Protein chains: 2
Amino acid sequence: MTQYVYDFSEGGMDQKDLLGGKGANLAEMTNLGLPVPPGFTISTEACRAYMTEGKEPDGLSDEVSEHLKALEQARGNKLGDPGDPLLVSVRSGAKFSMPGMMETVLNVGLNDESVKGLAQVAGGDERFAYDSYRRLLQMFGSTVLGIEASVFAEALDALKADRKTGDDLDLTAEDLQGLIETYKGLIAEHGGRDFPQDPREQLDMAVLAVFDSWNTERAALYRRQERIPDDLGTAVNICSMVFGNGGDDSGTGVAFTRDPATGAQGLYGDYLVNAQGEDVVAGIRNTIPLAELEQVDKAAYDELLAIMQKLEHHYKDLCDIEFTVEHGKLWMLQTRVGKRTAEAAFRIAHSFATEGIIDLDEAVDRVTGAQLAQLMFPRFDSDAERHLIGKGMNASPGAAVGKAVFDSQTAVEWAASGDDVILVRRTTTPDDLAGMVAAKGILTSRGGKTSHAAVVARGMGRTCVCGADELDVDTEAGQFTAADGTVVKEGDVISIDGTTGEIFEGAVDVVDSVVVRHFEGDEAAEGDDLVRAVTALMDHADDVRRLGVRANADTPADAARARRFGAQGIGLCRTEHMFLGERREYVEHLILADTPDEQHEALSALLPMQRDDFVGILEAMDGLPVTIRLLDPPLHEFLPDYTELAVQVAIEEEHGEDSPRTHKLLAAVKRLHEENPMLGLRGVRLGIVIPGLFTMQARAILEAAAARTAAGGDPRPEIMVPLVGDPQELELIKAEIIAVAAEVEQETGTKLTFMVGTMIELPRAVAVAGRIAKSAEFFSFGTNDLTQMTWGFSRDDVEASFFSTYLDKGIFAVSPFESLDIEGVGLLVEHAVKMGRKQRPDLHLGVCGEHGGDPASIHFFDEVGLDYVSCSPYRVPVARLEAGRSASATSASA
Amino acid sequence: MTQYVYDFSEGGMDQKDLLGGKGANLAEMTNLGLPVPPGFTISTEACRAYMTEGKEPDGLSDEVSEHLKALEQARGNKLGDPGDPLLVSVRSGAKFSMPGMMETVLNVGLNDESVKGLAQVAGGDERFAYDSYRRLLQMFGSTVLGIEASVFAEALDALKADRKTGDDLDLTAEDLQGLIETYKGLIAEHGGRDFPQDPREQLDMAVLAVFDSWNTERAALYRRQERIPDDLGTAVNICSMVFGNGGDDSGTGVAFTRDPATGAQGLYGDYLVNAQGEDVVAGIRNTIPLAELEQVDKAAYDELLAIMQKLEHHYKDLCDIEFTVEHGKLWMLQTRVGKRTAEAAFRIAHSFATEGIIDLDEAVDRVTGAQLAQLMFPRFDSDAERHLIGKGMNASPGAAVGKAVFDSQTAVEWAASGDDVILVRRTTTPDDLAGMVAAKGILTSRGGKTSHAAVVARGMGRTCVCGADELDVDTEAGQFTAADGTVVKEGDVISIDGTTGEIFEGAVDVVDSVVVRHFEGDEAAEGDDLVRAVTALMDHADDVRRLGVRANADTPADAARARRFGAQGIGLCRTEHMFLGERREYVEHLILADTPDEQHEALSALLPMQRDDFVGILEAMDGLPVTIRLLDPPLHEFLPDYTELAVQVAIEEEHGEDSPRTHKLLAAVKRLHEENPMLGLRGVRLGIVIPGLFTMQARAILEAAAARTAAGGDPRPEIMVPLVGDPQELELIKAEIIAVAAEVEQETGTKLTFMVGTMIELPRAVAVAGRIAKSAEFFSFGTNDLTQMTWGFSRDDVEASFFSTYLDKGIFAVSPFESLDIEGVGLLVEHAVKMGRKQRPDLHLGVCGEHGGDPASIHFFDEVGLDYVSCSPYRVPVARLEAGRSASATSASA
């Protein structure tokens with residue numbers, strides 16, 4: 001017979017699967033000898049059995065009876081005893097926290113009789129007793145019987161209005177007795193049955209209601225979004241009630257063992273005298289800092305301090321706790337490892353490691369790349385003056401300052417004339433895209449972290465605060481009004497903090513991250529203790545990681561910065577950037593060339609410029625590998641936009657101002673126009689169709705390498721052919737490169753060392769990876785394109801049009817462009833790795849898509865055995881840290 | 001020790017791997033006792049050893065010596081004997097025919113001395129002897145020593161000019177002796193050595209030259225294009241020479257055992273008195289029909305007839321042969337299974353089966369779907385008058401008649417005003433695309449079957465003749481001149497036959513295919529014996545095939561035709577066609593809707609129209625499955641073109657004629673505009689983002705099914721959700737469909753039977769096929785899109801821009817849109833089949849891309865175990881035949 005019910009003394013913190021997070025931690029505290037109100041946990045297994053069988057599993061009821069009896073013995077009173085009733089709370093508690101998703105019923109055990117007993121036991125405090133009963137009716141009605149919460153709230157409001165007060169505390173015991181009768185009537189009317197006077201029936205119904213709450217639409221959606229399996233189920237914790245609202249010698253509080261904002265040691269928390277937990281949340285009265293508890297109740301304070309120290313040492317981490325003092329007696333209601341800011345995470349992990357409580361592997365595991373990235377964003381100067389006017393969701397990090405604008409058009413115009421702007425909208429739609437691109441930051445009053453604004457801003461790296469619902473945004477009038485009455489009109493400057501969600505009136509000073517200043521070599525940053533913490537953990541990550549970290553960089557300046565940030569080479573140097581600016585003219589010559597000679601001439605003009613580019617980059621990365629990708633984008637990207645040019649020529653024609661040149665240009669643009677440029681003539685296809693293009697680039701690279709060698713340098717170019725789908729494409733281009741190399745070696749008398757490899761970015765390339773590896777010396781996974789082709793959507797087109805809906809509906813947990821779709825795209829990567837290495841065991845493998853800087857993706861790339869990841873220079877430290885975390889996690893599990 | 005050399009008597013027709021095609025058939029004939037000049041074959045193994053070792057393999061020389069000795073004994077003379085020299089031919093012969101790709105040297109064994117002996121043995125015919133020697137020098141110089149053939153041709157032309165003649169036969173023995181001296185000088189000058197007088201050295205060098213010819217660039221490219229492995233190597237056939245040019249009792253000819261054009265029984269061939277094989281090819285004199293040989297040499301004729309009959313019975317197929325009569329003695333030089341027209345293929349296979357020589361499985365294997373497709377094209381009436389003015393390559397089948405135009409612009413304009421046009425160009429480029437779309441047919445004077453014109457025309461299904469190099473096309477003057485002097489000017493009518501490559505002046509009457517008339521139920525076609533042959537083979541194919549064949553059809557008329565052509569249901573009914581025409585207005589309402597109500601209204605207006613569409617199609621396919629795909633293309637496809645509309649609005653603005661409606665429309669088009677619509681908001685994404693769209697379609701389908709059931713019909717709809725990449729997309733839509741079905745069942749009181757499934761057209765869907773199969777009742781592989789996503793190119797964009805280059809360079813053997821890329825896309829299909837069936841063993845599997853009608857692809861789909869293919873109605877018979885061939889091939893190999 002399966003055991004479904006566990007006394008708190010029977011479990012422990014490792015049993016979250018069975019007891020849920022809350023139950024496991026209550027058990028742990030109980031076994032530590034801490035003052036936890038006695039109680040027991042109905043396991044997740046019972047919930048799963050209930051869901052499978054569609055009814056309460058056999059034996060559960062008897063087990064509950066047994067445990068209830070033990071509980072009654074421990075507490076010395078009985079459930080439903082009219083003289084001295086035992087009251088219990090019934091709380092859900094799943095393995096993974098699902099805040100606000102599931103249900104709680106307090107004060108179970110009260111009825112028309114026992115409420116009187118409670119009053120007696122409470123020293124005749126009738127108000128306390130009837131208020132407790134009123135709360136039970138309210139929670140039972142809404143949670144167990146499914147009645148709209150507003151039904152009860154309205155009755156309560158009506159009563160308060162009648163008594164001409166806004167405060168529950170002004171209601172008398174008699175008022176509450178009347179309210180109880182009203183509530184019972186409402187339950188009968190809306191709930192389809194009377195409120196059960198049998199306490200055991202209350203308890204059983206509450207337990208099933210918690211089970212049922214696992215499968216509400218809201219909870220199911222939350223799980224889809226968070227990728228929590230549907231079949232885990234929830235545990236139910238039955239805990240004897242203790243009351244913090246029994247007088248001034250009682251109270252309730254929350255506390256952290258360290259400051260969760262900064263990581264500083266010391267006691268942090270809030271306490272509310274003569275109150276219950278829900279009152280703290282409701283914010284009816286002001287809390288006092290926890291330290292002041294010492295004055296109020298020194299014994300309880302000292303005990304609490306000792307417990308917190310014990311918990312921190314036991315959990316070896318920052319803990320957050322909930323507690324209640326009942327007539328001077330301290331009770332621990334909950335504990336868990338506490339959430340913290342990025343800064344606190346680094347300081348705490350470092351400090352625990354320094355104190356020898358945890359080792360460096362564990363310390364590195366306690367911080368994340370996402371937290372490090374947060375520390376690297378510029379932020380508002382903490383000393384700067386600021387006027388907070390609202391708060392929304394921290395949808396995309398950063399600190400942005402600019403003039404408020406309320407429509408996309410204005411954002412584009414003002415930005416074009418040099419103004420920094422913040423685009424403020426109720427919500428954004430694909431129509432707002434141009435304005436979002438032009439703005440420094442985006443602020444919306446509606447929508448969550450998966451709203452259009454949030455998704456698109458994150459995709460573009462724009463600062464974004466969304467869902468700031470206290471703001472009254474009036475786009476027609478061009479202004480918004482904050483909760484405090486501040487009115488911000490079009491053109492007024494505001495500041496938004498995408499890391500905290502805060503919104504400020506006026507310009508707040510922005511300071512560079514001290515961590516970035518440190519990476520950049522600013523010695524003044526060395527003394528900072530956050531820098532010390534980061535450095536210590538990064539050093540350890542570098543020591544243990546297997547995965548190399550390179551940067552995506554196209555210029556000597558970017559290459560140099562990447563090196564300062566710890567990059568071990570360049571994984572992607574895009575050459576298309578070298579065809580822009582004034583060089584666009586030569587590309588136009590190339591495209592408009594009427595003869596092979598003219599084409600050759602245009603290419604020859606580009607050669608020395610490209611060579612100089614490569615000399616600079618190879619110098620900045622001297623001694624380290626530099627992977628250079630041959631031209632990838634379609635040629636029409638270097639020409640004017642088709643529609644704009646067509647309109648321009650049409651208008652010129654109307655005015656008789658059209659010229660043969662613009663007509664020739666329009667014809668070329670029209671000829672090269674593609675319905676789907678992403679799926680067109682680009683990458684290796686260009687190299688094959690336009691003779692001389694790739695050989696010119698290869699020659700520029702190899703001449704640059706020869707020049708660097710002659711100058712005493714150590715150039716290590718790796719030539720990368722993009723968009724290969726078939727081995728023969730690579731073979732043709734590789735043969736050309738080898739021929740050029742022989743020429744350059746002969747011309748310069750220099751022995752060249754270089755590799756030729758390919759991007760793996762088409763599913764076709766994955767399918768034939770083994771054969772491609774015959775001629776490729778390295779693979780670099782272009783996971784951006786691979787994601788686009790595998791899913792059949794282009795990032796530019798779809799992020800704005802449907803990603804927010806997909807995130808909302810839980811089809812995506814996160815955009816597959818942010819974090820690698822391991823199940824789909826990852827399967828392809830794995831296949832190509834396997835086939836490639838089978839053909840060529842020393843095949844060098846890397847990734848150069850943006851996923852190379854994404855924490856979750858880095859762990860995957862480490863697991864499948866890539867040699868390195870490559871990402872933007874600013875993500876290099878993040879990648880180093882995550883590569884270290886991945887390695888230490890692997891060694892821990894080995 | 002490996003045996004490298006085989007006497008003709010040692011081999012047989014099954015040894016093509018070892019002896020090459022020619023050698024194997026020579027051996028077969030020898031062993032049949034037919035008069036083959038004695039000789040021997042150096043195996044492909046020797047060639048492979050030569051290629052691997054980079055030198056003649058050990059032992060080969062000795063083996064050749066032995067076989068040479070045996071040959072000398074058999075012929076009674078000796079290689080290099082000054083009195084009576086044995087002469088041999090040295091010919092390449094690989095496993096797969098590579099016409100014109102490799103080398104031949106005749107008359108090996110002649111030198112300055114033995115040429116005199118040859119003259120003596122030939123009864124003093126010095127001219128014959130010196131001409132033979134001259135030919136050896138010429139072939140040896142160009143083939144073995146690599147001298148440009150033009151070097152010799154120019155010397156010959158100079159001599160003829162000097163002798164004031166254009167005919168080789170006018171040159172005297174003395175002339176030829178002089179020419180021989182000239183040739184020897186040219187060889188010393190250009191070949192880097194003297195012509196070897198040692199006959200054995202001649203032979204050995206010729207053999208190695210044949211080996212080397214395997215690896216010329218030309219041959220390697222041919223193999224890449226034809227997908228012939230590079231490592232097979234060629235055999236070399238050494239055969240004692242016989243001469244058809246020794247007088248009027250000699251001659252040479254080619255023959256077929258049946259008419260290769262019609263399949264009719266009887267003797268077909270040509271004979272040339274007093275000539276060698278190369279003279280027939282050179283076309284110096286006119287040949288006589290083979291039948292006339294009876295008058296010339298009855299004995300040889302009778303013997304030939306008997307041999308041909310024997311060969312046909314032995315090979316059980318049409319044979320083509322080459323033979324020579326030397327002074328009345330018949331010699332067989334070559335035989336092989338002969339090429340034939342499509343019509344002949346069906347007649348011959350049927351006739352052999354009727355005669356009991358082969359069984360029906362074998363007969364079905366002897367014809368191809370491609371041949372059946374040729375028979376189904378309209379063709380020029382064979383009785384119609386016609387004036388042939390040229391011939392090119394049959395690049396894309398069909399018969400097209402129209403006015404000649406010489407530029408794309410004119411083609412578009414004339415076609416728009418209702419003219420049928422044929423676009424005539426030297427070559428086509430992507431600039432010609434619009435003209436090619438507008439034209440009925442395309443004719444070029446340059447480029448082969450992989451040229452731009454050919455590739456694009458096949459992709460569009462346009463008739464095309466390319467590379468008609470006798471035509472002098474002058475696009476500037478707007479005319480072309482045929483070899484016979486006919487001048488065709490712009491506007492003159494011409495007719496081109498894409499099946500034969502023929503070009504006619506004027507309009508030639510076009511007739512429907514008798515086979516199609518038969519399928520369409522025309523009883524007058526029944527008597528035709530081609531129809532009888534086709535019907536017999538099709539019946540057998542239907543009997544044996546495992547694979548079902550459905551049609552892609554969007555209208556009741558198409559559905560009915562498909563049924564007449566043998567379709568067993570509809571595999572793809574596209575619903576986007578139902579949003580065109582006058583219904584476009586409602587789609588515009590839907591897109592421009594400002595409120596959910598307006599959106600709902602637009603959808604409601606479309607519902608009854610869609611329902612009527614489905615009633616018609618379900619009726620036409622009553623009792624058979626009809627797979628209906630929910631809306632797939634992006635919505636902007638129903639709106640005007642962005643660029644055109646932008647230009648229109650800009651011009652209207654210039655004139656002050658712009659209206660709010662056009663502005664609103666432009667804004668909507670701009671908003672919906674996608675850089676890559678193929679990778680945008682389409683398919684299931686539309687269904688999820690636009691509430692009510694897919695439910696409206698599902699309702700229309702299910703209401704139609706209910707109506708058909710009420711009318712006593714047997715509707716079998718299968719609802720197909722396009723572009724699914726993740727199981728959750730399908731689950732969401734499926735839940736909506738199930739809900740609608742319940743509503744419709746309740747409203748109509750009809751029990752509905754239907755399936756819900758998905759297209760597999762994204763690599764992501766392949767990766768998660770197992771999980772998709774949890775909710776999909778069927779998969780239909782959309783191999784068009786799957787090919788596009790796997791390769792990362794869009795058919796519309798790239799066929800014109802780089803496919804011809806890729807086919808030319810052998811990167812593609814055939815466009816992956818014509819025939820499934822089995823190695824790449826096929827791998828994905830296989831994976832999805834495996835994973836899908838593992839999850840759901842009764843998962844129904846089909847394919848609805850255009851590959852469903854492609855012969856090679858059909859065999860693949862049969863092998864991986866799909867349940868059916870679906871293709872356009874006209875391809876249904878082709879698919880039935882190929883499915884039958886695949887099944888009979890499988891049962892034969894089992």
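All heavy atoms count here, side chains included; hydrogens, waters and symmetry mates do not. Throughout, a chain's letter reflects where its sequence line sits, starting with A, and its residues are numbered from 1. This structure is a prediction, so every number in the text was calculated from the model and none was measured.
With rounding to the nearest 0.5 angstrom, the CG atom of B:L679 is 5.5 Å from the OG atom of A:S794. Rounding to the nearest 0.5 Å gives a distance of 13.5 Å between CD of A:E731 and NZ of B:K809. To the nearest 0.5 Å, the span separating CE on A:M789 from CZ on B:F793 amounts to 10.5 Å.
Across B:L786, B:V766, B:V825, B:T790, a single residue satisfies side chain to side chain contact (heavy atoms under 4.5 Å, CB included) together with A:P763, and that is B:T790.
Using a 4.5 Å cut-off between heavy atoms, B:D785 does not touch chain A at all. For chain A, no part of B:L672 is nearby; none of its heavy atoms comes within less than 4.5 Å. Of the two parts of A:I811, the backbone and the side chain both hold a non-hydrogen atom closer than 4.5 Å to a non-hydrogen atom of chain B. There is no contact between B:F812 and chain A, counting heavy-atom distances below 4.5 Å. Within the 4.5 angstrom heavy-atom criterion, only side-chain atoms of B:E654, from C-beta onward, approach chain A.
Residues A:E675 and B:P677 approach most closely at O-CD, 3.2 Å, considering heavy atoms. Annotation for B:L762 and A:G792: closest pair CD2-CA, 3.8 Å, computed over non-hydrogen atoms. Contact between A:T805 and B:V689 at its shortest, heavy atoms only, is OG1-CG2, 4.1 Å.
Contact check for A:D821 versus B:R764: side-chain heavy atoms found under the 4.5 Å cut-off. Put simply, the side chain of B:R771 reaches to within 4.5 Å of the side chain of A:E823, judged on heavy atoms.
Using a 4.5 Å heavy-atom cut-off against chain A, the contacting residues of residues 680-688 of chain B are B:G680, B:L681, B:V684, B:R685, B:I688.
Counted by atom type alone, B:Y806 and A:Q728 present zero donor-acceptor pairs between their side chains at under 3.5 Å.
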All N/O donor-acceptor pairs, side-chain side in residues 642-653 of chain A, below 3.5 Å, sequence neighbours left out:
from	atom 1	to	atom 2	distance (Å)
A:T643	OG1	B:T643	OG1	2.7
A:Q648	NE2	A:E652	OE2	2.9

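Counting heavy-atom pairs closer than 4.5 Å to chain B, the top residue among A:H655, A:E761, A:Q788, A:K670 is A:H655. Comparing A:A765, A:A667, A:G826, A:S801 by how many heavy-atom pairs each has under 4.5 Å with chain B, the most go to A:S801.
Around atom NZ of A:K664, more than 12 heavy atoms belonging to other residues, nucleotides or ligands sit under 6.0 Å away.
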